[in-house]
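The chains referred to below are lettered A, B, ... by the order of the sequence lines, with proteins before strands, and numbering in each begins at 1.
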Amino acid sequence: MSLSSSNEMPRAYSPNEVEQPLYRFWMEKGYFTPTVDPSKKPFVVIMPLPNVTGDLHLGHALTMSIQDILTRWHRMMGESALWLPGKDHAGIATQVVVERQLASEGASRQELGRDKFLERMWDWVGLYGGKIEEQLKSMGASCDWSRLVFTLDPGPSRAVRTAFLNLYEKGLIYRGERIINWCIRCSTALSDLEVEYEEEDGSLFYVNYPLEDGEGSITVATTRPETMFGDTGVAVHPEDPRYQSLLGRNVILPLANRPIPVVGDEAIEREFGTGVLKVTPGHDIVDFEIGQRHNLPIVMSVDDKGFLTEAAGQFQGQERFEGRRNTAAELERQGHLVKTEPLRHSIGHCQRCATVVEPFVSKQWFIKIDPLAKPAMDAVKDGKVRIVPERFSRVYLNWMENIRDWCISRQLWWGHRIPVWYCDGCDGLTVSVEDATQCRHCGSENITQDPDVLDTWFSSGLWTHSTLGWPGETDDLDYFYPSHVMVTGYDILFFWVARMIMMGIENMGEPPFETVFLHGLVRDAEGRKMSKTTGNVLDPLELTDTYGTDALRFALTTGAAPGNDLRISTDKLESSRNFANKLWNASRFVIGSLEYADAAQGWRELADVSHREDRWILSRLNRVIGRTQEYLERFEIGEAQREVYDFLWNEFCDWYIEFAKIRMRDDAEPSPLPTLAHVLEKTLRLLHPFMPFVTEEVWQRLTKQLPNEDALTESIMIAPYPEEDASRIDETSEAEVAQIITLVRSIRNVRAQLRINPRQELQASLDLQGHDYLVGDEVEAVKGLARLRKLSGADASQVPQDGGVVTVVAGEVVVALPLGEVIDLAQERRRLEGERDEASKHLKRVDSLLARPQFRAKAPEHVVERERERAQGLRERLKRLEEVLAQLPS
RNA sequence: GGGCGGUUAGCUCAGACGGUUAGAGCACCUGCUUUACACGCAGGGGGUCACAGGUUCGAGUCCUGUAUCGCCCACCA
């Protein structure tokens, strides 16, 4: 089948015309959907689920490109390759978007009510939720759309409830009144990870708290005087000599005028401020812990909306920052404020809306994390899960060691509602996978479900198995779990990867993937993070429109080591596009040549490789195939691509095709067509995972022109990935062609330096010194590529008499280009002296290395041998240069 | 306070296991309508691999330290 309407190949590759039809073709053929086939090896990549809110950005484009490359590669290797796409309801992120929309209409979710609001959310998802799929398709993503899952679908929802129930029954989920991060804008609890800290300028207020017994006062230092109404103690380090006498006594809390105790606690930093901490267990994480240790009561002085409570007396109802200023002013007025110092410190912000987070004591659901973290750490330590690049293992382990219990309840409406029902009668809890209708303890039907939803990352953590049918026992789960590679940015190592490992082990008994491949973040040409506010966001779809999808994919995955951030610029995109175009045109040449001849018989097996040039390119091809495979196995995608790029451009196009053109003019020569076809066809397959569209389009056109020796697959997508054929490696041909190339280059170099008109054909004579192949079957090649009229062998004594320019290649071969009067002999002499000096310098270095006894004694034999050969070659070259110079007039 | 990464050509970056005269793309210079490609061809210039020590026959590559930029984690009130 061919997707092109005509055989004509335009001079430039135009991606826009071929991409959509090709993608449709692949979809229709069902290539993306693997079969559950126990005779085949499965290969599984679970897609990091994009948010339904989202537009595709370059970060997605990068992740998707890598996953698609790996999936296509394994699919071509004959594995049952599953790339499983998903979509995330993204609780807080999506809810914030719709809330903003409501706000612009002057409404709010509270006014709307839960049911109406959720309707609105679903409408919104219906409208925009499909966008990202379309965008992924336009990136060429070969994921199995028939298995697409949304986190709120019945399957994953059931998985969420099941996991919750299991953990609850094991005692790993509990509800408790604890201090959590609270966003007053979103009105919800946040996990530690959802808080982003930033350095900000603030003030440190020094406040005197008088002792209850009237014997002076103690000075505390605080950045948040407005929380003092929640103070229920004052703490000093138990061994701080300055405050020994105060331990166990009371101070009077100013403004509130109530006594609070002085306690000793190791958490106090003696050097900070005055070494005295006011303890506000309701609004500070450290204070909460100190409060617990000393049984201090909790008094909330800021409410869930960020306003001071009645505990703040006269300041009740003031917004927290206003309250801070007013409290400080009142303290000063009453003479309690000793001084104020500027202080730079880090402040937590809500990841989604950037509002300053309020530490807040409230009743929430938590996961007891230690029992889950332990096996998840072991999995990485034991190598059951391998993190690439390896350095992130330490980051992971370090984070896991210090992990705290995970607050999983959110006071949101959009998400998986917590599967817990409270009984009005007996106060008992019912946790259930199915919607509960009666209390498990007393049978009362008077029960109400917990209004809160679960942290989005709870369902994400189950993703590796919930998508395959867990908790059901499905064929998919049996065959495809665990997956092989988890590809994602290092920025969600903790959020997601760590939790998938914990939950995977917990639910499935084994880690959810073998390898975690972490890539870097995409930045703009100046290295800045892309963000809407900076306005430097590049839209992947605009880029694919301008440069082509293959070019974008190539630009994103090349020239960046795993785990390193990368900058994207139009330069990079242009050169990637140029590469696609280069491939297109090389193919145009090959396909065009095939149209006028049926000489490509035997292109697949290549029985006749009598020609040195053919043996050379096949040897090079097979080396490249081997190295490309090796790089892919190591996830060095950029290096793999560079291999193919260099081969195609610098060897196949620059040399082999040029050799071929010369051979095609001469009927006596063996036709290069079978080899041209063979190498191009294999190179296309080698490149297909990286540049799926252009390779498929060209492959379709190429194979149509090829003798149908045995059945080809109908798409390159399902053709086998090339494997290195070691029998094609041919050192001799490689060395000989390398010499031919050097010879041609030397002559071209002379021509360029002497400004000889490119159209002018020269004569050359060679003193071959035994390198007979140079004027044997390669004479036409050398003549053609170096633009020579005549190339003849000569002995050394003749060469200089021909006069003109002389150069030395292959160590010892002398090339003479008689140029008569055109040449300034003095200039030529200087040029040769330059060459001689360089050779002599180099030889000196090699000789001195060889002269060292330790080198000969300790270096491996092959290294010493190589240096000897090098010295020998240089000596020859030097000798020849001296001979030639001796015969030039000085 | 811990930890990690970067520092290689004018710019952006590659450089397993230490072993050719350290590479690419872009930019630059000189030529070129050579019938696949000007999204191109040919040729060329440009780097004491941040710095200082050390290990080694041999260091861009390994070790120690310094500088500098960036990131992550942490309960500095």
Side-chain angles (χ1 to χ4, degrees), chain A residues 9 11-13 197 204 220-224 235 267-269 271-280 284-290 343 345-346 359 389 391-392 394-395 398-399 402 404 490-491 493-494 520-521 525 527 547 551 555 558-561 563-572 574-593 630-631 634 636 638-639 642 645-646 653-654 657-658 661 745 748-753 755-759 784-785 787 838 841-842 845-846 849 852-860 862-864 866-867 870:
Chain A
M9 289 180 78
R11 292 167 66 87
Y13 170 58
Y197 288 89
L204 189 60
V220 304
T222 179
T223 54
R224 299 194 62 193
I268 307 305
E269 196 75 48
E271 283 70 37
F272 191 92
T274 53
V276 186
L277 172 71
K278 71 189 224 5
V279 182
T280 321
D284 187 281
I285 294 165
V286 185
D287 293 13
F288 179 81
E289 286 168 359
I290 294 172
L343 179 74
H345 59 148
S346 66
R391 69 183 128 94
F392 283 102
R394 289 195 295 279
V395 178
N398 181 50
W399 183 77
N402 301 305
R404 301 152 62 102
Y490 62 72
D491 54 332
L493 177 63
F494 305 142
L521 274 25
Y547 300 99
T558 212
N564 285 3
D565 290 353
L566 67 122
R567 299 183 186 200
I568 190 77
S569 62
T570 52
D571 277 358
K572 221 180 242 175
E574 272 176 28
S575 75
S576 301
R577 176 204 57 189
N578 294 352
F579 178 57
N581 191 55
K582 185 75 181 176
L583 171 63
W584 178 260
N585 274 292
S587 306
R588 209 155 70 92
F589 171 76
V590 175
I591 293 166
S593 307
E630 276 171 36
Y631 282 127
R634 292 207 299 265
E636 306 214 18
E639 288 296 290
R642 197 186 45 72
Y645 180 103
D646 287 347
C653 290
D654 287 353
I657 286 185
E658 296 305 320
K661 284 179 185 169
R745 284 214 167 117
R748 283 174 176 172
N749 176 307
V750 169
R751 298 182 62 121
Q753 282 187 20
R755 309 270 159 104
I756 294 165
N757 187 326
R759 259 171 297 199
L785 297 179
R787 296 219 146 222
E838 208 169 299
K841 215 169 75 189
H842 189 189
R845 192 167 25 202
V846 177
L849 181 64
R852 282 209 297 268
Q854 301 102 314
F855 173 70
R856 292 199 307 273
K858 296 195 177 176
H862 72 274
V863 173
V864 178
R866 201 172 52 209
E867 294 302 325
R870 182 175 309 154

When every non-hydrogen atom of A/N581 is compared with those of A/A12, the smallest separation belongs to OD1-CA, 3.4 Å
Whole-angstrom distance between B/G19 and B/A67, as gauged at atom C1'
31 Å
Any base atoms under 4.0 Å from A/R391, or only sugar-phosphate, or nothing? Heavy atoms, all strands.
sugar-phosphate
Rounding to the closest angstrom, what is the interatomic distance between B/G54 and B/A27 at atom C1'?
39 Å
B/A36 C1' sits how many Å from A/F589 CZ, rounded?
7 Å
Closest listed nucleotide, where the reference is the side chain of A/R845 and the choices are B/C73, B/A36, B/U21
B/U21
Check whether the side chains of A/K278 and A/T280 place a donor and an acceptor atom closer than 3.5 Å, and report yes or no.
yes
Integer-rounded Å distance: B/U21 P and A/R866 CZ:
9 Å
Can you tell me how far P in B/G45 sits from the matching atom in B/G10, rounded to whole Å?
15 Å
Within the structure shown, what part of the strands sits under 4.0 Å from A/R642 by heavy-atom distance: base, sugar-phosphate, or nothing?
nothing
Heavy atoms only, 4.0 Å cut-off, all strands: where does A/A561 land among base, sugar-phosphate and nothing?
sugar-phosphate
For the side chain of A/E658 and the base of B/A42, is some donor closer than 3.5 Å to an acceptor across the two?
no
The side chain of A/E639 is closest to which nucleotide in this list: B/A36, B/U34, B/A14?
B/A14
Position toward the 5' end of RNA chain B (nearest nucleotide), A/K858 or A/A12:
A/A12
Out of curiosity, A/S587 OG to A/K582 NZ, how far, rounded to the nearest 0.5 Å?
11.0 Å
Below the 4.0 Å mark, does B/U30 have OP1 or OP2 next to a side-chain nitrogen or oxygen of A/R755?
no
Have a look at A/F579 and say if it touches a base, only the backbone sugar-phosphate, or nothing, with a 4.0 Å heavy-atom cut-off.
nothing
Angle class for the A/Y645/A/F579 ring planes (parallel below 30°, perpendicular above 60°, tilted otherwise)?
tilted
If you only use heavy atoms from C-beta on, which nucleotide in B/C37, B/A42, B/U12 is closest to the side chain of A/R11?
B/C37
Could you measure the distance from the CD1 atom of A/I756 to the CZ atom of A/R748? Nearest 0.5 Å is fine.
14.0 Å
With a 3.5 Å distance limit and no angle check, can you tell me whether A/K572 reaches the backbone of A/R567 through a side-chain donor-acceptor pair?
yes
Hydrogens and angles aside, do A/N578 and A/Y547 bring a side-chain donor and acceptor to less than 3.5 Å of each other?
no
Considering only atom C1', compute the distance from B/G31 to B/A24 and round it to an integer number of Å.
23 Å
Mind checking the P distance from B/A52 to B/C57? Whole angstroms is fine.
23 Å
When you compare B/C17 with B/C62, how far apart are their P atoms, in angstrom units rounded to a whole number?
7 Å
Taking the minimum atom-to-atom distance to the side chain of A/R588, which one of B/G19, B/A77, B/A36 wins?
B/A36
In whole Å, I'd like the distance from the CG atom of A/D284 to the C1' atom of B/C76.
11 Å
Measure CG/A/N581 against P/B/A36 and give the value in whole Å, please.
14 Å
Below 4.0 angstrom from OP1 or OP2 of B/G40, is there any side-chain N or O of A/N585?
no
Hey, does A/N757 reach any base, or is it just sugar-phosphate, or nothing, if we go heavy atoms under 4.0 Å?
nothing
Taking any heavy-atom pair under 4.0 Å as a contact, classify A/R745: base, sugar-phosphate, or nothing.
sugar-phosphate
Any chance you could encode RNA chain B as dot-bracket? Rule is Watson-Crick or G-U wobble with both distances under 3.5 Å; [ ] for pairs crossing earlier ones, | for another strand.
(((((((..((((.....[...)))).(((((.......))))).....(((((..]....))))))))))))....
So for atom CD, which belongs to A/E838, do other residues, nucleotides or ligands contribute more than 12 heavy atoms lying within a distance under 6.0 Å?
no
Of the nucleotides B/C4, B/C39, B/G58, which has the atom closest to the A/R852 side chain?
B/G58
Contacts of A/R748 and A/S569 projected onto RNA chain B by closest heavy atom; the upstream (5') one is A/S569
Between A/R856 and A/V864 (side chain of the first, backbone of the second, donor and acceptor by atom type, cut-off under 3.5 Å), is there such a pair?
no
Considering only B/U21, B/C4, B/A77, which nucleotide approaches the side chain of A/T223 most closely?
B/A77
Considering only heavy side-chain atoms of A/N578, the closest of B/G5, B/C73, B/C39 is B/C39
Between B/C69 and B/A74, how many Å separate the two C1' atoms, rounded to a whole number?
22 Å
Check every strand shown and say whether A/N402 touches a base, only sugar-phosphate, or nothing at a heavy-atom separation below 4.0 Å.
nothing
I want to verify a distance call: between B/U12, B/G25, B/C4, whose nearest atom is closest to the A/R394 side chain?
B/C4
For the C1' atoms, the ones on B/U30 and on B/A36, what distance do you get once it is rounded to whole angstrom?
25 Å
If you go through the side-chain atoms of A/K661, does one of them form a donor-acceptor pair with the base of B/A36 closer than 3.5 Å?
yes
Within this structure, what is the CZ-to-P distance between A/F392 and B/C72, rounded to whole angstrom?
11 Å
A/V279 near the nucleic acid: base, sugar-phosphate alone, or nothing, with a heavy-atom cut-off under 4.0 Å?
nothing
Would you classify A/G275 as touching base, sugar-phosphate or nothing, given that sugar-phosphate means primed atoms plus P, OP1 and OP2, and contacts are heavy atoms under 4.0 Å?
base
Checking B/A36, B/G31, B/U20 against the side chain of A/H842 (C-beta onward), the nearest is B/U20
Minimum-distance pair of heavy atoms, taken over all atoms of A/G275 and A/I268:
O-CG2, 3.5 Å
Can you check the A/I657 CD1 to B/U34 P distance for me, whole Å?
18 Å
Rounded to the nearest 0.5 Å, what separates atom OG1 in A/T558 from atom CZ in A/R642?
8.5 Å
Nearest-nucleotide pick for A/K582, side chain only, options being B/C41, B/G19, B/C75:
B/C41
